[in-house]
Amino acid sequence: MRQTQPALAADSALVRDILAFAAPGSATLHERAEGIDYFVNAFWTAGQRQAHAIHEISYRACFKPQLPEFFISRLTAPGDLVFDPFMGRGTTPLQAALMGRRAGGNDISGLGVMMCRPRLRPVGPDAVEAALRRVDWSRGAVRRPELLAFYHPATLARLEALRDWIDARAPPGDDRPDPVADWIRMVALNRLAGHSPGFFSGRSMPPNQAVSVASQLRINARLGLAPPERDIAALILRKSRALLRDGMMPGGAVLGGAHPCLFTGPAWDIPLEAGAVALAVTSPPFLDVVDYAADNWLRCWFAGLDAGAAALGQHRGAAGWMAMIRRALAELARLVRPGGHVAFEVGEVRGGRILLERQVWQAAAGLPFERLGVLVNRQLFTKTSNCWGVSNFTRGTNSNRVVLLRRSGGGGQSIT
DNA sequence: GAAGTTCATACCTCCCCGGC
DNA sequence: GCCGGGGAGGTATGAACTTC
(Lines give C-alpha, C1' and ligand atoms only; values in the text may rest on other atoms or scores of the structure.)
Protein backbone atom coordinates (compact mmCIF):
# COMPACT_ATOMS: atom_id res chain seq x y z
CA MET A 1 0.00 0.00 0.00
CA ARG A 2 2.24 2.71 -1.28
CA GLN A 3 1.11 6.19 -0.29
CA THR A 4 2.11 9.39 -1.99
CA GLN A 5 1.48 11.77 0.91
CA PRO A 6 4.63 13.40 2.33
CA ALA A 7 6.37 12.00 5.39
CA LEU A 8 5.30 13.42 8.71
CA ALA A 9 8.82 14.73 9.25
CA ALA A 10 9.63 15.89 5.73
CA ASP A 11 11.68 18.73 7.25
CA SER A 12 14.24 16.16 8.37
CA ALA A 13 17.25 15.85 6.07
CA LEU A 14 17.61 12.26 7.25
CA VAL A 15 14.07 11.39 6.17
CA ARG A 16 14.58 13.09 2.80
CA ASP A 17 17.81 11.15 2.35
CA ILE A 18 16.12 7.84 3.22
CA LEU A 19 13.26 8.53 0.81
CA ALA A 20 15.76 9.34 -1.93
CA PHE A 21 17.89 6.26 -1.15
CA ALA A 22 17.98 3.88 -4.08
CA ALA A 23 19.68 0.52 -3.86
CA PRO A 24 20.35 -0.98 -7.30
CA GLY A 25 16.91 -1.50 -8.79
CA SER A 26 14.91 -0.65 -5.70
CA ALA A 27 13.55 2.65 -4.45
CA THR A 28 12.56 3.14 -0.81
CA LEU A 29 8.98 2.14 -0.14
CA HIS A 30 7.09 4.59 2.05
CA GLU A 31 4.10 3.28 3.97
CA ARG A 32 2.09 4.67 6.85
CA ALA A 33 0.59 2.46 9.53
CA GLU A 34 -0.92 3.44 12.90
CA GLY A 35 0.28 7.00 12.25
CA ILE A 36 3.91 5.87 11.84
CA ASP A 37 5.90 6.45 8.65
CA TYR A 38 7.71 3.30 7.54
CA PHE A 39 10.61 3.43 5.06
CA VAL A 40 11.37 -0.01 3.62
CA ASN A 41 14.38 -1.00 1.53
CA ALA A 42 17.59 -3.04 1.59
CA PHE A 43 19.69 -0.18 2.93
CA TRP A 44 22.97 -2.03 3.40
CA THR A 45 24.60 -5.23 2.24
CA ALA A 46 23.40 -8.54 3.62
CA GLY A 47 26.74 -10.14 2.74
CA GLN A 48 28.92 -11.60 5.44
CA ARG A 49 32.37 -10.13 6.26
CA GLN A 50 31.93 -6.91 4.33
CA ALA A 51 33.04 -4.65 7.20
CA HIS A 52 36.43 -4.19 8.91
CA ALA A 53 37.75 -7.53 10.19
CA ILE A 54 38.14 -6.20 13.74
CA HIS A 55 34.36 -6.49 14.11
CA GLU A 56 34.53 -10.26 13.68
CA ILE A 57 34.19 -11.56 17.19
CA SER A 58 31.16 -13.71 17.69
CA TYR A 59 28.43 -12.60 20.06
CA ARG A 60 24.75 -13.38 20.29
CA ALA A 61 22.44 -10.70 18.96
CA CYS A 62 24.68 -8.22 17.19
CA PHE A 63 23.74 -6.07 14.23
CA LYS A 64 25.92 -5.64 11.17
CA PRO A 65 28.45 -2.77 11.34
CA GLN A 66 26.75 -1.40 8.23
CA LEU A 67 23.76 -0.43 10.39
CA PRO A 68 25.63 2.10 12.57
CA GLU A 69 27.73 3.09 9.56
CA PHE A 70 24.54 4.09 7.70
CA PHE A 71 23.57 6.54 10.44
CA ILE A 72 27.05 7.69 11.49
CA SER A 73 27.90 8.72 7.94
CA ARG A 74 24.67 10.72 7.57
CA LEU A 75 24.25 12.24 11.03
CA THR A 76 27.68 12.97 12.50
CA ALA A 77 30.95 14.70 11.74
CA PRO A 78 34.48 13.60 12.74
CA GLY A 79 35.02 14.18 16.46
CA ASP A 80 31.34 13.78 17.40
CA LEU A 81 30.52 11.33 20.19
CA VAL A 82 28.55 8.27 19.03
CA PHE A 83 27.06 6.19 21.84
CA ASP A 84 25.33 2.84 22.40
CA PRO A 85 23.70 2.19 25.81
CA PHE A 86 23.12 -1.52 24.95
CA MET A 87 26.43 -2.09 23.19
CA GLY A 88 26.94 -5.86 23.57
CA ARG A 89 30.19 -6.64 21.74
CA GLY A 90 30.49 -2.93 20.90
CA THR A 91 29.75 -2.74 17.18
CA THR A 92 28.54 0.88 17.36
CA PRO A 93 31.51 2.35 19.28
CA LEU A 94 33.97 0.38 17.16
CA GLN A 95 32.42 1.50 13.87
CA ALA A 96 32.29 5.08 15.17
CA ALA A 97 36.00 4.93 15.95
CA LEU A 98 36.80 3.48 12.53
CA MET A 99 35.03 6.50 11.03
CA GLY A 100 36.96 9.03 13.11
CA ARG A 101 34.22 9.72 15.62
CA ARG A 102 34.59 9.49 19.40
CA ALA A 103 33.38 6.12 20.70
CA GLY A 104 31.05 5.57 23.64
CA GLY A 105 29.15 2.58 24.93
CA ASN A 106 27.57 0.87 27.88
CA ASP A 107 26.36 -2.61 28.74
CA ILE A 108 24.71 -4.21 31.76
CA SER A 109 27.33 -6.97 31.59
CA GLY A 110 31.01 -6.36 32.22
CA LEU A 111 31.66 -8.49 29.14
CA GLY A 112 30.73 -5.49 26.98
CA VAL A 113 33.72 -3.41 28.04
CA MET A 114 35.99 -6.47 27.97
CA MET A 115 35.04 -7.19 24.35
CA CYS A 116 35.02 -3.60 23.07
CA ARG A 117 37.84 -1.75 24.88
CA PRO A 118 40.81 -3.76 23.59
CA ARG A 119 39.63 -3.46 20.00
CA LEU A 120 39.54 0.33 20.40
CA ARG A 121 43.28 0.20 21.17
CA PRO A 122 44.58 -2.86 19.35
CA VAL A 123 48.02 -4.21 20.13
CA GLY A 124 50.18 -5.79 17.45
CA PRO A 125 50.61 -9.54 16.92
CA ASP A 126 54.26 -9.28 18.00
CA ALA A 127 53.24 -7.94 21.42
CA VAL A 128 50.62 -10.70 21.74
CA GLU A 129 53.15 -13.39 20.82
CA ALA A 130 55.74 -12.05 23.26
CA ALA A 131 53.22 -11.84 26.10
CA LEU A 132 51.95 -15.37 25.48
CA ARG A 133 55.51 -16.63 25.78
CA ARG A 134 55.72 -15.09 29.24
CA VAL A 135 52.66 -16.91 30.59
CA ASP A 136 53.64 -19.69 33.00
CA TRP A 137 51.40 -22.34 31.47
CA SER A 138 52.59 -24.99 33.96
CA ARG A 139 50.88 -23.19 36.87
CA GLY A 140 47.35 -24.13 35.85
CA ALA A 141 45.28 -26.92 37.37
CA VAL A 142 41.78 -28.30 36.77
CA ARG A 143 39.61 -26.44 39.31
CA ARG A 144 36.17 -27.02 37.72
CA PRO A 145 36.01 -30.70 36.65
CA GLU A 146 32.59 -30.21 35.00
CA LEU A 147 34.32 -28.07 32.34
CA LEU A 148 36.05 -31.23 31.11
CA ALA A 149 32.86 -31.68 29.08
CA PHE A 150 34.30 -28.89 26.88
CA TYR A 151 38.05 -29.15 27.32
CA HIS A 152 40.88 -31.66 27.28
CA PRO A 153 42.38 -31.71 30.81
CA ALA A 154 45.64 -30.13 29.62
CA THR A 155 43.71 -27.40 27.77
CA LEU A 156 41.61 -26.64 30.85
CA ALA A 157 44.70 -26.42 33.06
CA ARG A 158 46.27 -23.94 30.60
CA LEU A 159 43.05 -21.92 30.52
CA GLU A 160 43.24 -21.61 34.31
CA ALA A 161 46.88 -20.51 34.04
CA LEU A 162 45.83 -17.88 31.47
CA ARG A 163 42.98 -16.70 33.73
CA ASP A 164 45.45 -16.17 36.58
CA TRP A 165 47.89 -14.37 34.30
CA ILE A 166 45.17 -12.02 32.99
CA ASP A 167 43.68 -11.43 36.44
CA ALA A 168 47.03 -10.19 37.71
CA ARG A 169 47.28 -7.63 34.88
CA ALA A 170 43.69 -6.73 33.96
CA PRO A 171 41.31 -7.59 36.82
CA PRO A 172 37.56 -7.04 36.22
CA GLY A 173 36.62 -3.45 37.03
CA ASP A 174 40.11 -2.05 36.45
CA ASP A 175 39.60 0.77 33.95
CA ARG A 176 43.30 1.04 33.11
CA PRO A 177 44.36 -2.56 32.55
CA ASP A 178 47.47 -3.75 30.78
CA PRO A 179 46.50 -3.37 27.07
CA VAL A 180 48.10 -6.64 25.97
CA ALA A 181 46.40 -8.68 28.70
CA ASP A 182 43.14 -6.88 27.87
CA TRP A 183 43.50 -7.85 24.20
CA ILE A 184 44.38 -11.47 24.96
CA ARG A 185 41.34 -11.80 27.23
CA MET A 186 39.08 -10.42 24.46
CA VAL A 187 40.39 -12.98 21.97
CA ALA A 188 40.22 -15.82 24.50
CA LEU A 189 36.60 -14.93 25.37
CA ASN A 190 35.84 -15.41 21.69
CA ARG A 191 37.62 -18.78 21.42
CA LEU A 192 36.20 -20.56 24.50
CA ALA A 193 33.74 -22.84 22.71
CA GLY A 194 32.69 -23.31 19.11
CA HIS A 195 32.04 -25.69 16.28
CA SER A 196 35.45 -26.00 14.65
CA PRO A 197 39.11 -26.65 15.57
CA GLY A 198 39.86 -22.94 15.91
CA PHE A 199 38.23 -22.95 19.35
CA PHE A 200 39.59 -24.22 22.66
CA SER A 201 36.71 -26.65 23.19
CA GLY A 202 35.88 -29.86 21.42
CA ARG A 203 33.03 -29.62 18.92
CA SER A 204 30.20 -27.55 20.39
CA MET A 205 27.52 -25.15 19.18
CA PRO A 206 28.44 -21.99 17.22
CA PRO A 207 30.44 -19.66 19.44
CA ASN A 208 27.85 -16.95 20.00
CA GLN A 209 26.20 -19.08 22.65
CA ALA A 210 27.55 -21.56 25.17
CA VAL A 211 25.54 -24.72 25.73
CA SER A 212 25.14 -26.15 29.23
CA VAL A 213 27.49 -28.80 30.61
CA ALA A 214 24.71 -31.38 30.27
CA SER A 215 24.11 -30.43 26.62
CA GLN A 216 27.82 -30.59 25.85
CA LEU A 217 28.02 -34.07 27.37
CA ARG A 218 25.17 -35.13 25.09
CA ILE A 219 26.93 -33.63 22.05
CA ASN A 220 30.12 -35.50 22.97
CA ALA A 221 28.20 -38.77 23.38
CA ARG A 222 26.29 -38.37 20.12
CA LEU A 223 29.44 -37.63 18.13
CA GLY A 224 31.47 -40.22 20.05
CA LEU A 225 34.18 -37.59 20.68
CA ALA A 226 36.21 -36.41 23.64
CA PRO A 227 37.57 -32.83 23.60
CA PRO A 228 41.00 -32.85 21.92
CA GLU A 229 43.99 -30.96 23.30
CA ARG A 230 44.36 -27.45 21.87
CA ASP A 231 47.28 -25.04 21.59
CA ILE A 232 45.69 -22.04 23.27
CA ALA A 233 48.53 -19.62 22.57
CA ALA A 234 48.66 -20.52 18.86
CA LEU A 235 44.87 -20.09 18.50
CA ILE A 236 44.91 -16.71 20.25
CA LEU A 237 47.72 -15.52 18.02
CA ARG A 238 45.98 -16.75 14.88
CA LYS A 239 42.72 -15.01 15.74
CA SER A 240 44.60 -11.85 16.71
CA ARG A 241 46.15 -11.76 13.23
CA ALA A 242 42.72 -12.38 11.65
CA LEU A 243 41.16 -9.48 13.59
CA LEU A 244 43.94 -7.18 12.39
CA ARG A 245 44.12 -8.36 8.79
CA ASP A 246 42.50 -5.13 7.56
CA GLY A 247 45.13 -3.06 9.32
CA MET A 248 45.75 -1.51 12.69
CA MET A 249 43.37 1.46 12.18
CA PRO A 250 44.39 5.04 11.55
CA GLY A 251 48.00 5.21 12.65
CA GLY A 252 47.61 2.31 15.03
CA ALA A 253 46.53 4.89 17.56
CA VAL A 254 43.90 4.57 20.23
CA LEU A 255 40.55 4.57 18.48
CA GLY A 256 37.67 6.68 19.58
CA GLY A 257 39.65 9.36 21.35
CA ALA A 258 42.19 9.07 24.14
CA HIS A 259 39.57 7.99 26.65
CA PRO A 260 36.69 6.02 25.13
CA CYS A 261 33.53 6.43 27.23
CA LEU A 262 32.84 2.78 28.05
CA PHE A 263 30.67 1.85 31.03
CA THR A 264 29.17 -1.17 32.77
CA GLY A 265 25.67 -0.66 34.16
CA PRO A 266 22.00 -0.24 33.32
CA ALA A 267 21.11 1.74 30.19
CA TRP A 268 19.04 4.17 32.25
CA ASP A 269 21.94 5.39 34.41
CA ILE A 270 24.89 6.49 32.25
CA PRO A 271 27.68 8.54 33.87
CA LEU A 272 27.96 11.02 31.00
CA GLU A 273 27.13 14.72 31.00
CA ALA A 274 23.90 15.96 29.44
CA GLY A 275 24.04 16.81 25.74
CA ALA A 276 27.38 15.03 25.18
CA VAL A 277 26.12 12.65 22.51
CA ALA A 278 25.58 13.54 18.83
CA LEU A 279 24.11 10.19 17.81
CA ALA A 280 23.00 7.04 19.60
CA VAL A 281 22.75 3.82 17.60
CA THR A 282 21.51 0.98 19.74
CA SER A 283 19.45 -2.16 20.04
CA PRO A 284 18.01 -3.44 23.34
CA PRO A 285 17.25 -7.05 24.26
CA PHE A 286 14.14 -8.17 22.35
CA LEU A 287 11.92 -9.24 25.26
CA ASP A 288 13.43 -12.56 26.44
CA VAL A 289 14.26 -13.97 23.00
CA VAL A 290 17.93 -14.24 23.88
CA ASP A 291 18.92 -15.70 27.25
CA TYR A 292 22.12 -13.75 27.79
CA ALA A 293 22.95 -15.35 31.12
CA ALA A 294 22.77 -18.84 29.59
CA ASP A 295 24.63 -17.83 26.43
CA ASN A 296 27.43 -16.15 28.34
CA TRP A 297 27.95 -18.39 31.37
CA LEU A 298 31.22 -19.78 30.01
CA ARG A 299 32.55 -16.32 29.09
CA CYS A 300 31.58 -15.05 32.55
CA TRP A 301 33.41 -17.97 34.15
CA PHE A 302 36.57 -17.13 32.22
CA ALA A 303 36.28 -13.41 32.92
CA GLY A 304 35.38 -13.78 36.60
CA LEU A 305 32.00 -12.06 36.17
CA ASP A 306 28.48 -12.77 37.42
CA ALA A 307 26.38 -13.98 34.46
CA GLY A 308 23.12 -13.09 36.22
CA ALA A 309 23.45 -9.33 35.68
CA ALA A 310 22.25 -9.69 32.07
CA ALA A 311 18.76 -10.67 33.21
CA LEU A 312 18.04 -7.05 34.24
CA GLY A 313 17.28 -6.08 30.66
CA GLN A 314 15.16 -9.12 29.80
CA HIS A 315 11.38 -9.14 30.08
CA ARG A 316 8.94 -11.86 29.15
CA GLY A 317 5.96 -9.56 28.78
CA ALA A 318 5.51 -6.46 26.64
CA ALA A 319 4.49 -4.18 29.54
CA GLY A 320 7.63 -4.67 31.61
CA TRP A 321 9.80 -4.46 28.51
CA MET A 322 8.20 -1.21 27.45
CA ALA A 323 8.77 0.33 30.90
CA MET A 324 12.47 -0.61 30.64
CA ILE A 325 12.67 0.94 27.16
CA ARG A 326 11.00 4.10 28.44
CA ARG A 327 13.69 4.50 31.12
CA ALA A 328 16.46 3.96 28.55
CA LEU A 329 14.89 6.50 26.16
CA ALA A 330 14.51 9.05 28.95
CA GLU A 331 18.23 8.72 29.67
CA LEU A 332 19.00 9.11 25.94
CA ALA A 333 16.89 12.28 25.91
CA ARG A 334 19.24 13.62 28.59
CA LEU A 335 22.43 12.53 26.82
CA VAL A 336 21.68 13.49 23.20
CA ARG A 337 22.27 17.11 22.28
CA PRO A 338 19.46 19.18 20.73
CA GLY A 339 19.25 18.31 17.03
CA GLY A 340 21.08 15.02 17.64
CA HIS A 341 19.57 11.68 16.71
CA VAL A 342 18.72 8.24 18.09
CA ALA A 343 18.52 5.14 15.86
CA PHE A 344 16.84 2.52 18.04
CA GLU A 345 16.82 -0.93 16.43
CA VAL A 346 14.47 -3.80 17.20
CA GLY A 347 13.44 -6.93 15.33
CA GLU A 348 10.23 -8.83 14.90
CA VAL A 349 9.56 -11.45 17.56
CA ARG A 350 6.82 -13.98 18.37
CA GLY A 351 6.13 -14.42 14.66
CA GLY A 352 5.36 -10.72 14.30
CA ARG A 353 2.53 -10.86 16.85
CA ILE A 354 4.31 -8.22 18.95
CA LEU A 355 5.59 -5.24 16.95
CA LEU A 356 8.40 -3.97 19.13
CA GLU A 357 8.97 -0.83 17.04
CA ARG A 358 5.47 0.31 17.93
CA GLN A 359 6.20 -0.24 21.62
CA VAL A 360 9.37 1.85 21.26
CA TRP A 361 7.41 4.52 19.37
CA GLN A 362 4.86 4.64 22.16
CA ALA A 363 7.56 4.64 24.87
CA ALA A 364 9.14 7.73 23.26
CA ALA A 365 5.89 9.69 23.46
CA GLY A 366 6.12 12.71 25.77
CA LEU A 367 9.92 12.73 25.78
CA PRO A 368 11.76 15.62 24.07
CA PHE A 369 12.10 13.75 20.76
CA GLU A 370 10.56 14.25 17.36
CA ARG A 371 9.60 10.79 16.11
CA LEU A 372 10.71 10.72 12.49
CA GLY A 373 9.58 7.25 11.47
CA VAL A 374 10.73 3.64 11.27
CA LEU A 375 13.38 2.44 8.83
CA VAL A 376 12.90 -1.22 7.93
CA ASN A 377 15.87 -3.06 6.47
CA ARG A 378 14.39 -6.18 4.95
CA GLN A 379 16.66 -8.71 3.27
CA LEU A 380 17.93 -12.28 3.37
CA PHE A 381 20.74 -12.79 5.87
CA THR A 382 22.54 -15.65 7.53
CA LYS A 383 21.06 -16.84 10.78
CA THR A 384 22.59 -18.85 13.61
CA SER A 385 19.15 -20.34 14.04
CA ASN A 386 19.72 -22.28 10.80
CA CYS A 387 21.20 -24.74 13.34
CA TRP A 388 17.74 -25.64 14.52
CA GLY A 389 15.90 -25.17 11.26
CA VAL A 390 14.84 -21.52 11.46
CA SER A 391 15.48 -19.94 8.07
CA ASN A 392 14.76 -16.53 6.57
CA PHE A 393 11.16 -15.34 6.48
CA THR A 394 9.85 -18.27 8.50
CA ARG A 395 10.19 -17.80 12.22
CA GLY A 396 12.61 -15.64 14.16
CA THR A 397 13.88 -12.17 13.39
CA ASN A 398 13.74 -11.28 9.69
CA SER A 399 14.36 -7.54 9.53
CA ASN A 400 16.07 -4.62 11.24
CA ARG A 401 13.39 -2.15 12.32
CA VAL A 402 14.96 1.14 13.35
CA VAL A 403 12.93 3.79 15.19
CA LEU A 404 14.35 7.19 14.22
CA LEU A 405 14.22 10.00 16.78
CA ARG A 406 15.53 13.56 16.65
CA ARG A 407 16.25 15.36 19.93
CA SER A 408 14.10 18.44 19.89
CA GLY A 409 15.27 21.91 20.79
CA GLY A 410 18.02 22.42 18.22
CA GLY A 411 18.42 23.33 14.58
CA GLY A 412 17.58 19.78 13.58
CA GLN A 413 19.74 19.70 10.49
CA SER A 414 21.54 16.49 9.80
CA ILE A 415 24.84 16.41 7.99
CA THR A 416 24.67 14.93 4.53
C1' DG B 1 -8.43 -30.94 45.65
C1' DA B 2 -9.90 -29.65 40.91
C1' DA B 3 -9.21 -26.40 37.41
C1' DG B 4 -6.74 -22.85 35.51
C1' DT B 5 -2.42 -20.35 34.89
C1' DT B 6 2.47 -19.53 34.95
C1' DC B 7 7.10 -21.10 34.85
C1' DA B 8 11.19 -24.04 33.73
C1' DT B 9 13.48 -27.09 30.91
C1' DA B 10 14.73 -30.03 26.96
C1' DC B 11 15.25 -30.34 22.29
C1' DC B 12 16.85 -29.46 17.51
C1' DT B 13 22.88 -29.16 14.49
C1' DC B 14 22.55 -25.33 8.61
C1' DC B 15 24.06 -21.93 5.04
C1' DC B 16 27.31 -18.93 3.32
C1' DC B 17 31.71 -16.41 2.35
C1' DG B 18 36.53 -15.73 2.35
C1' DG B 19 41.20 -17.42 3.20
C1' DC B 20 44.35 -20.62 1.94
C1' DG C 1 38.19 -26.88 -3.97
C1' DC C 2 38.25 -27.31 0.88
C1' DC C 3 37.13 -25.85 5.19
C1' DG C 4 37.08 -22.47 9.13
C1' DG C 5 34.05 -19.81 11.30
C1' DG C 6 30.18 -16.34 11.63
C1' DG C 7 25.37 -16.10 12.37
C1' DA C 8 18.68 -11.75 17.31
C1' DG C 9 14.81 -19.23 18.37
C1' DG C 10 10.41 -21.42 19.13
C1' DT C 11 7.70 -25.19 20.76
C1' DA C 12 6.27 -29.14 23.64
C1' DT C 13 5.90 -30.80 28.01
C1' DG C 14 5.16 -31.14 32.73
C1' DA C 15 6.04 -29.07 37.22
C1' DA C 16 4.73 -25.52 40.27
C1' DC C 17 1.76 -22.28 41.75
C1' DT C 18 -2.91 -19.81 42.36
C1' DT C 19 -7.70 -19.56 42.96
C1' DC C 20 -11.99 -20.98 44.52
Check for me whether Arg371(A) meets the cation-pi criterion with Phe369(A), that is, NZ or CZ under 6.0 Å from the six-membered ring centre and within 45 degrees of the ring axis.
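So Arg371(A) doesn't make the cation-pi contact.
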Return the value, rounded to whole Å, for the distance between atom [atom1] of [X] and atom [atom2] of [N].
X: Phe199(A); N: dG4(C); atom1: CZ; atom2: P; value: 11 Å
X: Lys64(A); N: dG6(C); atom1: NZ; atom2: P; value: 13 Å
X: His52(A); N: dG6(C); atom1: NE2; atom2: P; value: 16 Å
X: Arg238(A); N: dG5(C); atom1: CZ; atom2: C1'; value: 9 Å
X: Phe200(A); N: dG4(C); atom1: CZ; atom2: P; value: 17 Å
X: Phe286(A); N: dA8(C); atom1: CZ; atom2: P; value: 10 Å
X: Leu217(A); N: dC11(B); atom1: CG; atom2: C1'; value: 16 Å
X: Arg191(A); N: dG5(C); atom1: CZ; atom2: C1'; value: 7 Å

Side chain to side chain contact (heavy atoms under 4.5 Å, CB included) involving Ala328(A) - partner list, sequence neighbours excluded
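Side chain to side chain contact (heavy atoms under 4.5 Å, CB included) check on Ala328(A) returns Phe86(A), Ala267(A).
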Taking only residues two or more places apart in sequence, or in another chain, which ones meet Ser283(A) in a side chain to side chain contact (heavy atoms under 4.5 Å, CB included)?
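Here the qualifying residues are Phe63(A), Phe286(A), Glu345(A).
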Applying side-chain hydrogen bond (donor to acceptor under 3.5 Å, both in side chains), name anything that partners Arg326(A), two or more places apart in sequence or on another chain.
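Partners of Arg326(A) under the side-chain hydrogen bond (donor to acceptor under 3.5 Å, both in side chains) test: none.
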Run the side-chain hydrogen bond (donor to acceptor under 3.5 Å, both in side chains) test against Tyr59(A) and tell me which residues pass, sequence neighbours left out.
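Tyr59(A): side-chain hydrogen bond (donor to acceptor under 3.5 Å, both in side chains) contacts with Asn296(A).
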Mind checking [X] for me? I need base, sugar-phosphate or nothing, with any heavy atom below 4.0 Å counting as a touch.
X: Arg241(A); result: nothing
X: Lys239(A); result: sugar-phosphate
X: Gly198(A); result: sugar-phosphate

Just to be sure I understand: a Watson-Crick pair is purine N1 to pyrimidine N3 plus N6-O4 or O6-N4, both under 3.5 Å. Using that and G-U wobbles, which stems of three or more pairs involve DNA chain B?
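Result, WC/G-U stems under 3.5 Å: B:1-12 with C:9-20, B:14-20 with C:1-7.
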More than 12 non-hydrogen atoms from neighbouring residues, nucleotides or ligands closer than 6.0 Å to CZ on Arg139(A), yes or no?
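No, CZ of Arg139(A) has 12 or fewer neighbouring heavy atoms, counting only those of other groups under 6.0 Å.
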Does anything in residues 61-72 of chain A pair up under side-chain hydrogen bond (donor to acceptor under 3.5 Å, both in side chains), and if so which pairs, sequence neighbours excluded?
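Counting only pairs at least two positions apart or across chains, no side-chain hydrogen bond (donor to acceptor under 3.5 Å, both in side chains) contact touches residues 61-72 of chain A.
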Summarise protein proximity over nucleotides 13-20 of chain B in one line of letters, 5' to 3': B for base, S for sugar-phosphate only, - for none, counting protein heavy atoms closer than 4.0 Å.
BBSBBSS-
With sequence neighbours left out, which residue pairs that include part of residues 181-207 of chain A fulfil the ring pair (Phe, Tyr, Trp, His ring centres under 6.0 Å) condition?
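Matches after skipping sequence neighbours: none remain.
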Residues in ring pair (Phe, Tyr, Trp, His ring centres under 6.0 Å) contact with Tyr151(A), at least two apart in sequence or another chain:
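Result, ring pair (Phe, Tyr, Trp, His ring centres under 6.0 Å) vs Tyr151(A): none returned.
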